[in-house]
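One-based numbering along the sequence shown. Atoms within a ligand are numbered from 1 in the order they appear, just like the ligands themselves.
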Amino acid sequence: MDLLSPPVARILPAFLDQPADALRTWFADRGQPAMRLKQVRRWLLDGRAESFEGMSDLPKDLRAELIGSFAPLGTRIDRHLQASDDTHKLLVRLADGKSVECVLIQEPPRRTACISTQVGCGMGCVFCASGLNGVVRNLTAGEILEQLVRLRNLTPPDGRLSHVVVMGMGEPLANLDSLLEALEVAGHKDGLGIGARHITISTVGLPVKIRRLADLGKQYHLAVSLHAPNDLLRTRIVPTNDKTGINEILAAADYFHEKTGRQVTYEYVLLGGLNDSPREARELATLLRGRKAHVNLIPFNDVEGLPYARPTVEAQTAFIDTLRRAGLSVKVRKRKGSEIDAACGQLRRKVEQELAPA
Ligand code: SF4
């Protein structure tokens with residue numbers, strides 16, 4: 001499936017990207033009551049409107065002013081792929097021509113949006129297509145929010161997003177201000193109504209930002225992408241590890257748990273022959289023993305151009321058994337949408353390659 005959404009007037013600023021104060025002033029300058037802002041937001045966030053024309057409870061002249069001043073949404077859908085398990089992947093084109101991916105995973109009543117926070121990624125994890133060309137820029141709060149809106153608009157008319165995982169392109173904590181701004185609207189009852197407890201923020205481990213997140217007193221769930229149980233191996237897989245080291249990251253994650261009471265998830269991509277041996281399983285068990293931790297194992301999905309392999313079933317089973325015997329809670333992530341390049345960054349890479357001059 002390949003649907004193109006209507007083009008947007010790119011020269012106009014996106015309504016959802018404007019700070020609330022600026023919008024309040026904009027309405028007040030036109031003699032409009034404060035509730036107008038709420039009405040427009042409700043249309044865009046709850047009413048699935050993608051234009052101002054149809055906002056029937058707004059005065060006609062105000063609709064005309066809005067049309068002349070803003071684009072309701074600043075992004076457009078460049079590619080839309082749907083897998084047989086009803087996983088959807090969108091390549092979202094931003095106003096400056098850059099693109100990011102986002103994914104809707106549907107297991108009703110659970111509907112999970114996986115969103116991006118940066119164009120590209122500067123963390124350079126060796127198994128990841130998103131980081132292959134480094135980071136281009138941070139997304140704005142509106143661009144993050146619009147991914148949620150566009151994914152929610154794919155759900156049935158009475159459907160809503162129940163969960164958000166911030167695990168798409170980019171390091172979320174490297175763009176924390178914009179992310180928090182977007183999640184604030186997403187969590188609001190007049191926004192998308194997704195409670196903080198249903199939102200998971202993933203990070204390769206930026207200790208200062210993890211502590212800042214902990215101090216907010218919000219109930220977001222934290223997922224730390226560990227991928228190796230010692231610094232030598234982790235720095236090979238996640239190069240930015242050489243600046244921090246595992247101990248500092250775990251200390252920050254412990255602090256997050258103390259402050260929020262929430263269990264931390266440790267993500268571990270199993271790369272065949274690299275970090276999936278019984279020795280690494282034992283080391284990981286020792287590292288996490290005594291912590292209120294959950295381990296999410298992710299068997300690597302092949303990515304064209306990357307020299308890593310999926311772990312064997314035997315290696316996966318042995319790894320899980322070792323962790324469980326050590327008393328850790330462990331899950332293996334199910335593979336969703338495999339036929340639509342659902343691994344992070346693959347679709348964007350493919351489209352950019354198609355568009356590149358020969
Ligand atoms: S796995 Fe995440 S943090 Fe690592 S390069 Fe990819 S997008 Fe960045």
Side-chain angles (χ1 to χ4, degrees), residues 89-92 94 98-103 105 112-139 143-144 147 164-176 178-179 199-210 213 221-228 231 233-246 248-249 252-253 264-271 274-275 295-308 310-311 333 335-337 341-352:
K89 174 169 265 205
L90 298 180
L91 185 71
V92 174
L94 310 170
K98 309 277 186 293
S99 60
V100 292
E101 294 179 6
C102 55
V103 178
I105 300 150
T112 303
C114 177
I115 55 170
S116 297
T117 50
Q118 296 182 306
V119 179
C121 184
M123 299 296 119
C125 305
V126 292
F127 55 83
C128 172
S130 291
L132 282 175
N133 297 321
V135 64
V136 179
R137 71 167 172 86
N138 282 342
L139 298 188
E143 288 167 339
I144 296 170
Q147 294 171 67
V164 176
V165 292
V166 190
M167 290 185 181
M169 260 181 216
E171 162 54 53
L173 297 191
N175 188 14
L176 188 54
S178 296
L179 174 63
I199 296 175
T200 300
I201 300 176
S202 167
T203 178
V204 298
L206 309 187
V208 175
K209 298 289 181 68
I210 292 175
L213 192 61
H221 183 75
L222 178 71
V224 175
S225 301
L226 204 55
H227 308 322
D231 280 326
L233 183 55
R234 189 168 195 264
T235 300
R236 262 179 79 191
I237 298 173
V238 183
T240 54
N241 185 65
D242 68 346
K243 295 194 203 102
T244 45
I246 290 177
E248 210 185 312
I249 294 167
V264 175
T265 294
Y266 291 91
E267 308 273 345
Y268 195 106
V269 170
L270 285 169
L271 300 157
L274 184 59
N275 65 354
V295 181
N296 208 5
L297 295 175
I298 308 153
F300 176 71
N301 284 334
D302 293 337
V303 174
E304 212 183 297
L306 293 183
Y308 301 101
R310 201 170 164 79
R333 190 185 291 172
R335 195 171 183 191
K336 304 290 289 179
D341 300 321
C344 175
Q346 275 178 284
L347 174 63
R348 171 175 171 262
R349 198 166 138 75
K350 197 189 259 181
V351 171
E352 301 298 315

Visitor: Within ligand 1, which atoms have a heavy atom of V204 less than 4.0 Å away?
Guide: 3 (S)
Visitor: Does R310 have more than 12 heavy atoms from other residues, nucleotides or ligands lying within 6.0 Å of its CZ?
Guide: yes
Visitor: Which of the atoms of ligand 1 are close to G170, meaning less than 4.0 Å from one of its heavy atoms?
Guide: 7 (S)
Visitor: Has C128 got an N, O or S atom lying less than 2.8 Å from atom 4 (Fe) of ligand 1?
Guide: no
Visitor: Looking only at side-chain N and O atoms, does E171 offer a donor or acceptor that is under 3.5 Å from a partner on T203?
Guide: yes
Visitor: Should we say atom CG of N133 is surrounded by more than 12 heavy atoms from elsewhere, each under 6.0 Å from it?
Guide: no
Visitor: Atoms of ligand 1 less than 4.0 Å from C121 heavy atoms?
Guide: 3 (S), 5 (S), 7 (S), 8 (Fe)
Visitor: Between E143 and K98, does at least one N-O distance fall below 4.0 Å, as a salt bridge requires?
Guide: no
